[in-house]
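Working notes, structure below.
In this text the structure is predicted, and so the values were computed from the model without any measurement.
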Amino acid sequence: MASISSPLSPPNLTKLSFKPQLKQPFLQILQPTLPKNLISTSRPRKLRLSVAAEERTSTVASPSSEADRRLYIGNIPRTVSNDQLKKIVEEHGAVEKAEVMYDKYSGRSRRFAFVTMKTVEDANAAIEKLNGTEIGGREIKVNITEKPIAQVDLSVLQAEDSRYVDSPHKVYVGNLAKTVTSDTLKNFFSEKGKVMSAKVSRVPGTSKSGGFGFVSFSSEEEVEAAISSFNNAMLEGQQIRVNKA
């Protein structure tokens, strides 16, 4: 029995001496590894949050650039609709919306429109490709919309519009020179009859003439007389068109 027990004791002592040596480095490796893992996983979250915040900021700020993406398109045919205009412009860039302007009295197209592009690059491309081209035989003008005029000037124009007396008896006057004012129009038509009121329509938010206007009378007979007398007449160097509004 003594010969059996003596050889067994050394292996037992050896196992006892190695077990703590194996566990200790194992624990030492685990202890620093866990916090490193936690730190490394938390950092991407912070980065993702900051990126998301930047994206939200840029999204909020983007509408301020709409003025740089909004195009004025002038001298378009009266028959062109919103959808038709959008398809034409879309050939040169992504379109957000297209709006043909109509007169609230006659319902006629005012021969101009506003088109908002998706990006500034799309807007610049549309100007380059479309300005000076023809739609329905008419040479169109395409540019970035003008800045609104000063509030003082705008209030003067609003006062001018408020003085206009509407009537069921009125004529539409087209192809007006840019220099023709509401007073000029009224005085011109007053040469052959009694005029109630007259106004030149303007590009919304600007002092720029829309190239047409309205003259109101008190009777249908006066309307017929005005058409007979002034249709194709010359006013400030341009041949005007006059017909029932």
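With contacts defined as side-chain heavy-atom distances shorter than 4.5 Å, the pair Thr116/Lys97 qualifies. By the 4.5 Å heavy-atom criterion applied to side chains, Phe214 and Asp103 are counted as neighbours. The shortest side-chain heavy-atom distance between Phe217 and Ser167 does not fall under the 4.5 Å cut-off. With contacts defined as side-chain heavy-atom distances shorter than 4.5 Å, the pair Asn231/Arg241 qualifies. Looking at heavy atoms from C-beta onward, Val242 lies in side-chain contact with Phe189 at the 4.5 angstrom threshold. Leu71 places none of its side-chain heavy atoms less than 4.5 Å from the side chain of Leu130. Counting heavy atoms from C-beta on, the side chains of Val95 and Met117 come closer than 4.5 Å. Using a 4.5 Å cut-off on side-chain heavy atoms (C-beta onward), Arg70 and Ile144 make no contact.
Between the CZ atom in Arg202 and the CZ atom in Phe212 there is a gap of 11.5 Å [rounded to 0.5 Å]. The distance from atom CD1 of Ile73 to atom CZ of Phe114, rounded to the nearest 0.5 Å, is 10.0 Å. A distance of 7.5 Å separates CD1 of Ile140 from CG of Leu85, quoted to the nearest 0.5 Å. For the atom pair CD of Gln239 and CG of Asn232, the computed distance is 4.5 Å after rounding to the nearest 0.5 Å. For the atom pair NE2 of His92 and CG of Asn124, the computed distance is 14.0 Å after rounding to the nearest 0.5 Å.
Not one N or O on the side chain of Ser228 forms a donor-acceptor pair closer than 3.5 Å with the backbone of Glu224. Checked by atom type and distance alone, the side chain of Asn75 pairs as donor or acceptor with a backbone atom of Glu139 at under 3.5 Å. A donor-acceptor contact shorter than 3.5 Å links the side chain of Ser182 to the backbone of Val200. Under the 3.5 Å distance criterion, the side-chain polar atoms of Ser216 are matched with a main-chain donor or acceptor of Ser197.
Both Ile135 and Tyr102 are part of a single hydrophobic cluster, where members link through side-chain heavy atoms under 4.5 Å apart.
Here the shortest heavy-atom pairing between Val142 and Ile127 reads O-CG2, 3.7 Å. Considering every non-hydrogen atom in both Pro77 and Gly136, the closest pair reads CG-CA, 4.1 Å. Leu176 and Gly213 make their closest contact through CD1-N, 3.6 Å (heavy atoms, listed as atom of the first residue, atom of the second, distance). Contact between Glu236 and Thr184 at its shortest, heavy atoms only, is OE2-CG2, 3.5 Å. Closest approach of Ser209 and Ala177 over heavy atoms only: OG-O, 4.4 Å. When every heavy atom of Ala113 is checked against every heavy atom of Val100, the shortest pair comes out as CB-CA, 3.7 Å.
For the pair Arg108 and Tyr172, the distance from NZ or CZ to the six-membered ring centre is under 6.0 Å and the angle to the ring normal is within 45 degrees.
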Intermediate values then yes/no, side-chain contact (heavy atoms from CB on, under 4.5 Å), Lys118 and Arg69: CA-CA 7 Å; Lys118 292 281 188 183; Arg69 298 182 285 113; 5.7 Å; no
Show your working on side-chain contact (heavy atoms from CB on, under 4.5 Å) between Glu222 and Lys194 and close with a plain yes or no. CA-CA 8 Å; Glu222 290 173 329; Lys194 186 177 180 181; 3.9 Å; yes
Between Val173 and Phe188, does a side-chain contact (heavy atoms from CB on, under 4.5 Å) hold up when you go through it step by step? CA-CA 12 Å; Val173 187; Phe188 183 74; over 6 Å; no
Check the pair Leu185 / Leu235 against side-chain contact (heavy atoms from CB on, under 4.5 Å), numbers first and verdict last. CA-CA 9 Å; Leu185 193 61; Leu235 176 59; 4.2 Å; yes
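At most 12 non-hydrogen atoms from other residues, nucleotides or ligands lie less than 6.0 angstrom from NZ of Lys129.
One finds a salt bridge joining Glu220 and Lys244 here, because a Lys/Arg side-chain nitrogen approaches an Asp/Glu carboxylate oxygen to under 4.0 Å.
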